[in-house]
Amino acid sequence: MIRMKFLLAFIAALAVGPLLLPEFYVTLLNYIGLYAIVALGLVLLTGVGGLTSFGQAAFVGLGAYTTAYLTTVHGVSPWLTLLAGLAITAAVALFLGSITLRMGGHYLPLGTIAWGISLYFLFGNVDFLGGHTGITGVPALSLFGFELKSGREFYYLIWAVLLVIVLATRNLLDSREGRAIRALKGGTLMAEAMGVNTPRSKIVIFTVAALYACLSGWLYAHLQRFVNPTPFAIAQGIEYLFMAVIGGVAHVWGAILGAGLITILKQWLQDWLPRVFGQSGNFEVIVFGLLMIFVLHRAREGLWPIVLRLFPAQNARPRVADAEPLPRRSLPERGSVVLEVRDATKRFGGLVANNAMNLSVRAGEVMALIGPNGAGKSTMFNGISGVDPVTSGAVSFRGERIETLAARDIARRGMSRTFQHVRLLPTMSVLENVAIGAHLRGQRNFVHAALRTERVEEARLLHEAALQIERCGLAEHMYDAAGNLPLGKQRIVEIARALAADPCLLLLDEPAAGLRYLEKQALGDLLRRLRDDGMAILLVEHDMDFVMGLADRVVVMEFGEKLAEGLPEEVQRNPAVLEAYLGGVE
Amino acid sequence: MPKPFRRTLVAALISAVAATAASTALADINIGVSVSATGPAASLGIPEKNTFALLPQTVAGQKVNYIVLDDATDPTAATKNIKKLISENKVDLVVGSTTTPNSLAMMDVAAENETPMISLAGSAIVVEPMDAKRYWVFKTAQNDAHMATAIVEYMTSHNLQSIAFIGFADAYGEGWYKEFAKIAEARKIRIVASERYQRNDTSVTGQILKMIAAKPDAVLIGAAGTPAVLPQKSLKEKGYKGVIFQTHGVANADFLRVGGKDVEGALLPVGPMMVAAQLPDSYPNKKVALDYVSKYETAHGKGSVSAFGGHAWDAGLLINHAIPQALKKAQPGSKEFRKALRDAIETTQNLPAAHGVFNLSAQDHQGFDQRARVMAKIEGGSWKLVK
Amino acid sequence: MDLQIALLLGQDGITNGAIYALLALALVLVFAVTRVIFIPQGEFVAYGALTLASLQAGKLPGTLWLLLGLGAAVALVEIALALRTRQMRRIPSILLLNCGIPLLLGGILFAIPPATLPLAVQVVLALMLVVPLGPMVYRLAFQPIAEASVLVLLIVSIAVHVTLIGLGLLFFGAEGSRTPAFTDMSFEIGDALLQGQTVLVVVASAVLIVALYFFFERTIYGKALRATAMNRTGARLMGISATMAGKLSFTLATLIGAFSGVLISPITTIYYDSGFLIGLKGFVGAIVGGLASYPVAAAGAVLVGLLEAYSSFWASAYKEVIVFTMIIPVLLWRSLTTRHVEEEE
């Protein structure tokens, strides 16, 4: 509750601030607000999505120049120019995003550096945009016939916009789309396997961040009433990133903290550093640079978590509300073939990891895939689930060929999986992690999320996640951070997440590793119940007792090929299998 | 982690409070200054900044405080500065800034707060066309048009009929080109090429080749400070034999240091101050100019003076000239005083200054005439008056 | 445009392209070995040139203070580490390497007025002042977070760049400097002169590239770097220390950067902030090569130089726009041809 009170006090202080503060402080607060809007976009992009951009200043420039040009030359209403600016920015962001986001994470920042530089020079050289001298006489904004001429009046607009955006961003993050975005940071592999269209999520946050910047630029132009290219140069783009990182790049309030801190620090350093060095220069960048290095070494989360520690969190736990259960998929008829792999071969360069593998799984059975380390079991899993498609051969799922489909499209068809190396988001709660599994069972997008019109669906998704957690026996850990659980339990969370997708085929990669005896028993019971409900389960496991007690059929792999197939007891007696496992009897 | 940070924050707050508390005592006249002492226009802004320390501290029995801030050649910072100067320091007048965009950005704030402002920037658009905002704005630097006319006159009198232009891709180069093109057109001088380059470009070969291919009688380099060396050097290397004009933006010692023998022979229009010692004694502002040069060089070393410091000095002269009249009408720190100061500056007549003689009027807030520039030539590593 | 102009532009483009190529190679090297996108590379170009200019002007270059400061900081960090791990024997060598050598250099500069020395000695002194900054920066800024993601390393890299720019302004001031040419030779091509220095830049770059090739192919350190670039974990298992490889790659990159600065400072005026754009143009070249292929990166960099030269002829105001927009079709092409492979964090 302390936090809530503090927030209310903060908003109250914001409301009365301009009435009490001298003009200059209001000016500073205006700029802090403008910068924070941009930094907030970077929080979404960098802190949440694990991407980054040095070109945000150029998007600010797009917003500022669009309105400056249209209002001064064509006399268009500023409110219309805002829409025009947002449209242009969205188009540019979509284009840039679509060509850089398909590649490794560092191409986007490099692309944005280049684009930031080009746009800066373009602003300066285009005659109709006033060249380097700029555009003067940008009109003041008027709201309901009231002109916002002074900094004090404008202050309320800027901070109202900022608070609305903070709220919208928080809403967005606390939703189905938000979880998908947060899942990006853990690598795209897991998110894709849960059905998240990761390129789309990346482009969405890049575009949203660009739109925030554009909005800030629009406000800037009408506050300053003058634009020229200087404030949109790459150096400012770098400063925006500094604000986000120092404030706390994973927290929406960090953006405001960072923007405030850097702005005030800059003002202060500009007064003091020249006295220290005995000459004038933009020496504050030296301090900022060192501060950045220090923060990234010692407190990568930035300063906001440190502030938070001063205000301990309330203990009241959120409750998952009861909600109407989600509709369930109709399972295929028991005994029918769900998965059929024919002559699947996977090559990595010259290495053949899977060679002409054949196997099938039926509804209502547990099929175990066993074999020594390096036999190609996980490769087979990746081939089936589309994470790393097979080189040749056919994979059919419920009668449909899927070997060329993307992982997320396979997931949509009712296949879900866990990973050998646990892929949870350690700072998110178990509940949220499991809810990612239910991603495909919701439809509401990020606009609904920002506006909170998806609460009914959200409650149903969380309710479903909670059900699966209880089913897997982890109810007591529902609100714990997933990273704080022992590894064995994290594997169970992975299973719960896979179940939240309501699959008809479950792929489990070493689910029992790291479990204690009783936990293994519980897991076995769970899998048996699932089988009895008609689910098809394919599992890779090393623990022979566990496998033999559970599996209906077993496929043994060695050197990428099938060595044997049959009932557990048959396989156990197979001499070839014995030789593979025990090194043979001479 | 948190401790040093907290300390910094506390220190920041304390200094902020101290700054407010230390707001100067009444009755003093406070002049706010925002110049571009860093960033791309630093070589212009630094001598301006240095000059304010040389201005008299007391005028007509009143103490005058100059509060000098740096705007890093950034209009956002310039706006912040003028807001700070007006609201925190309660200044009676603002001087600044060095560049045209920064001055344009500050103009709105000055007019809104009815505070007179003296810009040091080159482009005439700072004071023209006269309107409600520019009512409060004056400017001491010769309009780029003044300077461009000098070059055009030189060209017509020496029968040079075509010229190629290369300038900074920034407000300075742009302003020069616009003004020069207007005047050149009127005098039937053909501009056969117009090129741009960046301050820190490593090569301008492409531009130079294009200019030479157009076979101009003369070349004008619209750049300031040491970066103006590169085009002239490249022109020589590529065998250009015509006349080379530089602008008054290069008139500083660093330009000569970096340029060396590569810039010998360049012609440039400058304020008479740069060649004051060579002027005939009858020249109206020779004495004032020499006075400034000797003051500046005493403080900063021989040869250190540049044209831009002179603009700041001239702003000081305008202010000092206006203060006694304004004091008769109102107390410093009041709205009336600011208005009186503005009115007094606007009626300045026959005031010799470092760069010329001020004759201001309601329509002309710059106030120089053709006596405010002469042609100089670089010879033997120094500026020589061309008679 | 006639043939002569086309040739002259080509020559100008190749001169600049040669420098960009050198930088592109260094960037690819550093990225391959450490995953750091080495934005501050450009600052070392400026530092190299301006340090030489300071020496020639008889001034004490500010980089000396930086060297002493960074050296002391590295020594402190290393000694603290040595104390914690009880390896007292390492302390004298730490002190000698990080404090002793810089102090010795400073002593030399104080004792002998550097302006009187022959040019070659001045160049060596300038390199000795600038090059050790590279590994020191690696030790302080990158080594403690060597395992962080590419993104974090990139942000740190930008932070280092910004810091070095600020220090550059402090050390060298806002105005630029130029150094005298290594050679006054010049050749007449038609009406125009071809400066010997320009030829020297291209030749020196080519020699350096060949030398790098031999370094990687024939020396044990070169092979160690290549091994690390191919497979970090594997290289570590083979006893190649990632720290050593990181420092070595930074040393090489700084050497290439500073040397490039020394090479071009007679042709053009160098400012404290010149390096950023020069470095970025090397980058555009490196990106053409996908930050992986040395020959393609070098070719890309030369292409950037040529593009720059010809666009400065046709549309000088839009030169930077053209050069930096070139990255967009390159990225488009790469995104269509490369299949994205998941990076393991």
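Reminder, nothing fancy here: chain letters follow the sequence lines and each chain counts from 1.
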Scanning both residues in full, the closest heavy-atom pair of C/Y271 with B/N200 reads CD1-CB, 3.8 Å

I want to check something: taking the side chain as every heavy atom from C-beta on, are B/E195 and C/S312 in contact at a cut-off of under 4.5 Å? no

Quiz item: Do C/L9 and B/K210 have side-chain heavy atoms sitting under 4.5 Å apart?
Solution: no

Scanning both residues in full, the closest heavy-atom pair of C/P266 with B/K233 reads O-NZ, 3.8 Å

Of all heavy-atom pairs linking B/L209 and C/F313, the shortest is C-CE1, 3.9 Å

Got a donor-acceptor contact below 3.5 angstrom from the B/T226 side chain to the C/G176 backbone?
yes

Applying a strict 4.5 Å limit to non-hydrogen atoms, the region of B/D170 in contact with chain C is neither

Ranked by heavy-atom pairs below 4.5 Å to chain C, first place among B/A169, B/S194, B/S43 goes to B/S43

In terms of heavy-atom contacts, B/V258 and C/R178 come closest through O-NH2, 3.0 Å

Rounding to 0.5 Å, atoms CG (B/D201) and CG (C/L277) come to a distance of 8.0 Å

- Using a 4.5 Å cut-off on heavy atoms from C-beta on, say whether the side chain of C/T269 contacts that of B/R199. no

Turns out that what part of B/P40 lies under 4.5 Å from chain C's heavy atoms comes down to neither

query = More than 12 non-hydrogen atoms from neighbouring residues, nucleotides or ligands closer than 6.0 Å to CD on B/E297, yes or no?
reply = yes

So, the part of C/A309 with a heavy atom under 4.5 Å from chain B: the answer is backbone

**Message:** Run the side-chain contact (heavy atoms from CB on, under 4.5 Å) test on C/S177 and B/R257 for me, step by step, so that the C-alpha distance in whole Å, both residues' side-chain angles and the decisive distance to 0.1 Å come before the verdict.
**Reply:** CA-CA 9 Å; C/S177 286; B/R257 167 179 66 83; 3.4 Å; yes

Smallest heavy-atom separation, B/K238 atom then C/L8 atom, equals CD-CD1, 4.5 Å

Determine whether the side chains of B/T205 and C/D12 contain a donor N or O and an acceptor N or O closer than 3.5 Å. yes

To the nearest 0.5 Å, atom CD1 of B/I212 lies from atom CD of C/Q4 at 9.5 Å

Bottom line for B/V229: the part with an atom under 4.5 Å from chain C's heavy atoms is side chain

Looking only at C/I278, C/I267, C/D273, most heavy-atom pairs under 4.5 Å shared with chain B are made by C/D273

- Any C/K319 side-chain heavy atom under 4.5 Å of B/R196 side chain: no

### Query
Can you find a side-chain donor-acceptor pair between C/S316 and B/Q207 that sits under 3.5 Å?
no

To the nearest 0.5 Å, atom OG1 of B/T202 lies from atom CG of C/N16 at 4.0 Å

